[in-house]
Amino acid sequence: MNVYEYLLSYKIKPSVQRIAIMDYLLKHRTHPSIDEIYLALHDDIPTLSKTTVYNTLRLFVEQGAAKMLTIDEKNVCFDGDTSAHAHFQCKCCGKIYDMPMHVVNEEIKTIEEKGFIIDEIHSYYKGVCSNCIRTKSEHN
């Protein structure tokens, strides 16, 4: 499925800016911030503003086409992968990695039996990534 069809599948009217932003999210699995997306696309789309990037990402999140990550209290990042998965943020390099998420069905069942409806589940881990550990051990 191309980006145009992808946006339509989430009931989002495709535009040049929206296609470019979603394409960036889907191709760059780095969990970029608004600033990173803006800087990456600004040269190709000179009329693009940070406000447009912000509003577009907000629309994507509202429609379920992207996820907003708030692992770091200072920075909001976005993820084009809407499948159920967890995230790990390295305290050394700051990178965010996708991780498998094992949702315990019994927990969900118990919550739903109490009358709650679960729309989202967020699992965040923080620590030191294997690259930083390896780099640190090589310098010791």
Is it true that [X] and [Y] fall in one hydrophobic cluster, defined by side-chain heavy atoms closer than 4.5 Å?
X: Y97; Y: Y124; result: no
X: L69; Y: F60; result: no
X: Y54; Y: F78; result: yes
X: I21; Y: V76; result: yes
X: V53; Y: M68; result: yes

Let me confirm one number: the [atom1]-[atom2] distance from [X] to [Y], rounded to the nearest 0.5 Å.
X: I37; Y: M22; atom1: CD1; atom2: CE; result: 9.5 Å
X: H42; Y: T47; atom1: NE2; atom2: OG1; result: 8.0 Å
X: H85; Y: D98; atom1: NE2; atom2: CG; result: 3.5 Å
X: E62; Y: N55; atom1: CD; atom2: CG; result: 9.5 Å
X: L25; Y: D79; atom1: CG; atom2: CG; result: 7.5 Å

Quiz item: Taking the six-membered ring for Trp, are H87 and H31 parallel (under 30°), tilted (30 to 60°) or perpendicular (over 60°)?
Solution: perpendicular
Without swapping roles, check the side chain of [X] against the backbone of [Y] for a donor-acceptor pair under 3.5 Å.
X: R18; Y: T56; answer: no
X: T135; Y: C132; answer: no
X: Y6; Y: D23; answer: no
X: H28; Y: Y24; answer: yes
X: Q89; Y: I96; answer: no
X: K126; Y: I71; answer: yes

Quiz item: Below 4.5 Å, heavy atoms only, C-beta onward: do K50 and D35 meet side chain to side chain?
Solution: yes
Quiz prompt | M101 vs I121, side chain to side chain contact (heavy atoms under 4.5 Å, CB included): CA-CA, chis, key distance, verdict | solution = CA-CA 10 Å; M101 181 169 70; I121 298 173; 4.1 Å; yes
Quiz item: Any chance the side chains of S83 and D81 put a donor and an acceptor closer than 3.5 Å?
Solution: yes
